[in-house]
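Notes for the one structure printed next.
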2 protein chains.
Amino acid sequence: MPEQHTPGTKQRLVSAMTDGLQRRGLHGTGISDVLREAGAPKGVLYHHFPDGKTGLALASIDESIAIITGWLDLALEKYPDPLEAIERWVRAASRRLSETDFEAGCPLATIALETTAADVEVRTALAGAFAQLRARMTEALASAGTPHAEGLAVLIVATYEGGLLQARVANSVVPLQLATDTLGALIRAQRAVAA
Amino acid sequence: MPEQHTPGTKQRLVSAMTDGLQRRGLHGTGISDVLREAGAPKGVLYHHFPDGKTGLALASIDESIAIITGWLDLALEKYPDPLEAIERWVRAASRRLSETDFEAGCPLATIALETTAADVEVRTALAGAFAQLRARMTEALASAGTPHAEGLAVLIVATYEGGLLQARVANSVVPLQLATDTLGALIRAQRAVAA
DNA sequence: CAATCTATAGACCGGTCGGTCTAGAACGCA
DNA sequence: TGCGTTCTAGACCGACCGGTCTATAGATTG
């Protein structure tokens with residue numbers, strides 16, 4: 001059975017790459033940066049990831065989407081109202097951003113904007129990631145009886161990413177918070193009417 | 001009077017840089033790429049932009065924000081309902097994205113995610129750009145009597161950027177369209193209640 | 001205790017990066 | 001016509017990029 005029990009180094013490489021993706025993006029993050037942060041020599045990278053930087057980036061994307069949806073699932077379990085759960089989930093991201101001096105946004109967003117359709121593998125992974133995130137939200141909203149669940153899911157993800165972006169350049173969580181609060185109010189208002 | 005009548009080369013450099021920013025981002029766009037696309041030799045760049053790549057990027061950001069707000073202003077003049085004007089403006093961006101094989105999104109978004117707080121000049125320019133865009137929308141919405149105009153402006157810009165991002169990786173305008181339509185419906189519903 | 005496989009280690013390579021420098025063409029104005 | 005300025009042109013540079021290669025340490029198993 002090839003590769004199974006890898007405790008340290010490989011994971012450290014992935015984490016360092018994710019950190020780089022969040023802060024400077026794929027092209028802005030050099031292999032040597034990652035290696036230095038992970039405290040590992042060159043050879044290790046190409047041992048664990050024969051496809052080099054791309055392979056590492058793909059692993060980082062996979063891990064990121066698992067973590068992000070994991071957090072969302074956790075919130076959805078904890079709060080019966082999916083809208084409240086999602087709001088808590090966004091608020092946690094907002095906290096993470098401000099705690100890192102407005103550097104650590106969404107690792108998927110940056111790489112999404114840096115790649116072209118020619119980067120097939122990366123694009124496919126990202127498309128799957130966002131689709132999965134939206135599907136999870138749609139399901140939660142729909143099962144709570146919210147109408148237009150699919151539209152709301154896309155809108156919420158957009159608000160999340162677009163809000164993070166604005167918060168980042170403004171060096172303030174206010175834009176993200178304001179966008180989320182406004183959207184929440186709109187959805188609740190409509191819910192009240194429908195009831 | 002220093003530099004006034006520059007018809008060709010300088011503008012071509014800026015346009016080529018903007019194109020690169022949209023497709024591959026700041027770090028993903030090499031100086032030589034820009035030069036090749038603009039059909040200009042090295043020396044020209046450093047003659048017009050002594051600060052090199054950064055100077056060119058700043059000029060590109062300035063031009064981009066002028067174009068983007070220009071289009072918005074045009075739509076706001078044409079359509080009396082600011083909400084409709086903004087929707088048309090988003091739809092135009094959506095068209096541009098699909099016409100370029102889902103490569104040409106917002107040139108400001110990518111660079112926003114690639115830079116850190118340490119890139120003071122770029123960040124300041126971007127912060128100003130987004131603030132200006134929001135201000136213009138807030139003003140239009142408020143003067144039409146829409147409540148929570150400021151919150152809506154942040155939300156709309158977030159939907160725009162987040163929708164573009166999702167559309168890009170999905171190779172389809174559907175996410176952007178769906179997000180915009182859903183948001184439009186929510187705002188109109190609230191408007192109907194308030195009336 | 002060899003043999004083997006996995007993982008660590010870093011010297012090394014060609015290519016490209018952003019940036020500098022010198023030379024000359026084109027144009028303005030006396 | 002001569003002179004200065006603006007702009008074009010591209011050779012050139014050191015630094016760094018992602019990636020390859022060989023050597024070896026550590027663990028596993030006969």
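Computation of the quantities below employed the complete heavy-atom set of this structure, encompassing side-chain atoms and omitting hydrogens, waters and symmetry-equivalent molecules. Lettering of chains follows the sequences in order, A, B, ..., and the numbering in each one begins at 1.
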Tell me the interatomic distance from [X], atom [atom1], to [N], atom [atom2], rounded to whole angstroms.
X: Ile31(B); N: dC17(C); atom1: CD1; atom2: C1'; answer: 8 Å
X: Lys53(A); N: dC16(D); atom1: NZ; atom2: P; answer: 16 Å
X: Phe49(A); N: dT20(D); atom1: CZ; atom2: C1'; answer: 18 Å
X: His47(A); N: dG18(D); atom1: NE2; atom2: C1'; answer: 19 Å
X: Leu45(B); N: dC17(C); atom1: CG; atom2: C1'; answer: 14 Å
X: Asp33(A); N: dA15(D); atom1: CG; atom2: P; answer: 17 Å
X: Arg36(B); N: dT8(D); atom1: CZ; atom2: P; answer: 19 Å
X: Leu35(A); N: dG19(D); atom1: CG; atom2: P; answer: 12 Å

Q: Answer with base, sugar-phosphate or nothing: what part of the nucleic acid does Thr29(A) contact at a heavy-atom distance below 4.0 Å?
A: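 It contacts sugar-phosphate atoms only.
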**Q.** Leu26(B) vs Thr110(B), side chain to side chain contact (heavy atoms under 4.5 Å, CB included): CA-CA, chis, key distance, verdict
**A.** CA-CA 8 Å; Leu26(B) 179 62; Thr110(B) 316; over 6 Å; no
Any carboxylate oxygen within less than 4.0 angstrom of a Lys/Arg side-chain nitrogen, looking at [X] and [Y]?
X: Arg88(B); Y: Glu84(B); result: yes
X: Glu99(A); Y: Arg96(A); result: no
X: Arg23(B); Y: Asp33(B); result: no

Q | Heavy-atom side-chain contact between Met17(B) and Phe49(B) under 4.5 Å | A |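 A side-chain contact is absent here, since even the closest heavy-atom pair is not under 4.5 Å.
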Q.
Any non-hydrogen side-chain atom of Ile156(B) less than 4.5 Å from a side-chain atom of Thr180(B)?
A. no
(Q) side chain to side chain donor-acceptor pair (under 3.5 Å), that's the test. Do Gln22(B) and Thr18(B) meet it? Break it down for me. (A) CA-CA 6 Å; Gln22(B) 285 181 311; Thr18(B) 304; over 6 Å; no
Is there a side-chain polar atom (N or O) of [X] under 4.0 Å from OP1 or OP2 of [N]?
X: His48(B); N: dT8(D); result: yes
X: Tyr46(A); N: dT20(D); result: no
X: Ser32(A); N: dC17(D); result: yes

When you compare the protein's N or O atoms with those of nucleotides 9-12 of chain C, which come within less than 3.5 Å of each other, and at what distance?
residue, atom, partner, partner atom, Å
dG10(C), N7, Gly43(A), N, 3.4
dG10(C), O6, Gly43(A), N, 3.0

